[in-house]
Protein chains: 2
Amino acid sequence: MNAADPVPLTATTTYRLGLLGALAGARFTERIGSLRLKPKDVALLGLLQSDGPTAQLTVARRLGVAPSLVVTVADRLEVLGAVRRLRDQSDRRRQQLVLTDTGQELLTRCAAIARELDEELTAGLDPAARQALDAALGTLTTGPGLPS
Amino acid sequence: MNAADPVPLTATTTYRLGLLGALAGARFTERIGSLRLKPKDVALLGLLQSDGPTAQLTVARRLGVAPSLVVTVADRLEVLGAVRRLRDQSDRRRQQLVLTDTGQELLTRCAAIARELDEELTAGLDPAARQALDAALGTLTTGPGLPS
DNA sequence: TATTGTTATACTCTATAACTATA
DNA sequence: TATAGTTATAGAGTATAACAATA
């Protein structure tokens with residue numbers, strides 16, 4: 001691999017991450033459908049689990065989505081009983097989104113689905129390669145500059 | 001990591017691939033905009049480069065998209081001068097999509113953009129980790145069962 | 001009749017802008 | 001006036017269905 005033989009598009013990390021990310025996302029989306037969840041629902045539930053009760057506008061900023069979308073997602077999750085809206089008493093404009101036990105359970109099931117998918121996606125890798133992939137992806141996602 | 005401490009959602013390969021894939025895709029999309037290209041355009045150009053002239057319906061099947069979308073993308077690329085439509089003489093219903101020199105050049109520029117992005121995305125990895133990531137992603141994308 | 005490409009239409013996701021209520 | 005949430009509307013991307021030309 002020298003200057004006269006540059007890496008072709010399909011061999012770049014960018015291209016491959018995009019391809020595999022789309023594949024993983026599509027399969028995950030399909031399977032969480034059985035729980036009546038969509039990807040943004042899972043993102044919101046995950047945020048509440050890690051951050052605790054959070055105002056809607058804060059959620060919008062943390063997930064990098066429009067405030068109006070948070071309304072839609074929270075509505076859906078409220079119908080499922082996965083979150084509750086709690087009116088903030090000191091500032092009654094604000095609503096804290098709170099994860100319920102049902103929401104916790106759904107999140108647990110989503111994690112199980114993702115772990116199943118991991119097995120399928122990385123079936124072609126030997127244990128060392130799989131571990132190296134995990135480590136690299138972990139470094140990149142735990143690092144700086146990442147939305148949602 | 002044992003049975004009582006399962007991998008949480010955000011630590012799964014599925015979740016991380018989805019997150020990084022979306023990030024890489026968004027940045028790539030933004031930058032190819034200066035070439036007046038969209039992601040599907042690049043996918044079509046890339047297919048023509050690797051497979052040579054291809055009928056539209058075949059393109060649709062290979063990319064895993066609806067035939068009507070191939071019409072839209074091919075229209076856009078024809079306006080840019082990146083592909084030509086050649087009517088098949090032995091079966092005049094068919095049109096072969098052919099990559100032009102302009103299309104080749106655009107593809108070359110897309111590859112350069114992707115390589116730049118690779119540098120930025122993997123800046124947090126040491127050389128060994130970067131190489132391990134490349135190898136793993138290469139194995140997974142070169143393997144079986146992948147659309148587009 | 002079946003197939004290729006096209007057009008017409010509709011659906012999903014998400015954003016922007018206008019609005020309500022509280023501050 | 002400014003802010004939190006909501007509602008109304010619009011745009012991008014893509015699919016499905018109806019259609020035209022050719023086989």
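Lettering of chains follows the sequences in order, A, B, ..., and the numbering in each one begins at 1.
Distance check, rounded to the nearest 0.5 Å: CD of A:Q89 to CD of A:Q96 gives 11.0 Å. Between the OG1 atom in B:T142 and the CZ atom in A:R16 there is a gap of 5.0 Å [rounded to 0.5 Å]. Distance check, rounded to the nearest 0.5 Å: OG1 of A:T54 to CG of A:L47 gives 5.0 Å. The distance from atom CG of B:L117 to atom OH of A:Y15, rounded to the nearest 0.5 Å, is 15.0 Å.
Between D:dT6 and A:Q95, a contact under 4.0 Å exists linking OP1 or OP2 to a side-chain N or O. For C:dT6, neither phosphate oxygen OP1 nor OP2 lies less than 4.0 angstrom from any side-chain nitrogen or oxygen of B:R94. The side chain of A:R61 places no N or O atom within less than 4.0 Å of a non-bridging phosphate oxygen (OP1 or OP2) of D:dT3.
The residues B:R27 and B:E116 are annotated as not salt-bridged, no charged nitrogen and carboxylate oxygen being separated by less than 4.0 angstrom.
One atom, CG of A:L97, and another, P of D:dA4, lie 14 Å apart when rounded to the nearest Å. The distance from atom CZ of B:R36 to atom P of D:dA12 is 15 Å, rounded to the nearest whole Å. Rounded to whole Å, atom P of D:dT3 lies 18 Å from atom CD of A:Q56. When the P atom of D:dA15 is taken as reference, atom CG of B:L63 falls 10 Å away, rounded to whole Å. A straight line from CG of A:L77 to P of D:dG5 spans 15 Å, rounded to a whole angstrom.
Residues in residues 74-84 of chain A take part in these side-chain hydrogen bond (donor to acceptor under 3.5 Å, both in side chains) pairs, two or more places apart or across chains: A:D41-A:R76, A:D75-A:R85, A:E78-A:R85.
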Mind listing the N/O atom pairs, protein and nucleotides 19-23 of chain C, below 3.5 Å?
{"unit_1": "C:dA23", "atom_1": "OP1", "unit_2": "A:R92", "atom_2": "N", "d": "2.9"}

Protein and nucleotides 14-18 of chain C: nitrogen or oxygen contacts under 3.5 angstrom:
{"unit_1": "C:dA15", "atom_1": "OP2", "unit_2": "A:A66", "atom_2": "N", "d": "3.0"}
{"unit_1": "C:dT16", "atom_1": "O4", "unit_2": "A:S68", "atom_2": "OG", "d": "2.7"}

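The side-chain hydrogen bond (donor to acceptor under 3.5 Å, both in side chains) search around B:R36 returns none, not counting sequence neighbours. In this view, A:Q104 and A:Q49 satisfy the side-chain hydrogen bond (donor to acceptor under 3.5 Å, both in side chains) rule, not counting sequence neighbours.
Here the closest heavy-atom approach between residue A:T12 and residue B:A111 is recorded as CG2-O, 4.5 Å.
Defining each end axis of the helix from C:dT1-D:dA23 to C:dA23-D:dT1 as the rotation carrying four pairs' C1' atoms onto the next four, with five pairs an end, the two axes are found to diverge by 30° to 10 degrees.
B:L97 and B:V71 are assigned to two separate hydrophobic clusters, defined by single-linkage of ILVMFWY side chains at heavy-atom distances under 4.5 Å.
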Starting from the C-alpha separation in whole Å, work towards a yes-or-no answer on side-chain contact (heavy atoms from CB on, under 4.5 Å) for A:L133 and A:L137.
CA-CA 6 Å; A:L133 176 63; A:L137 294 180; 3.9 Å; yes
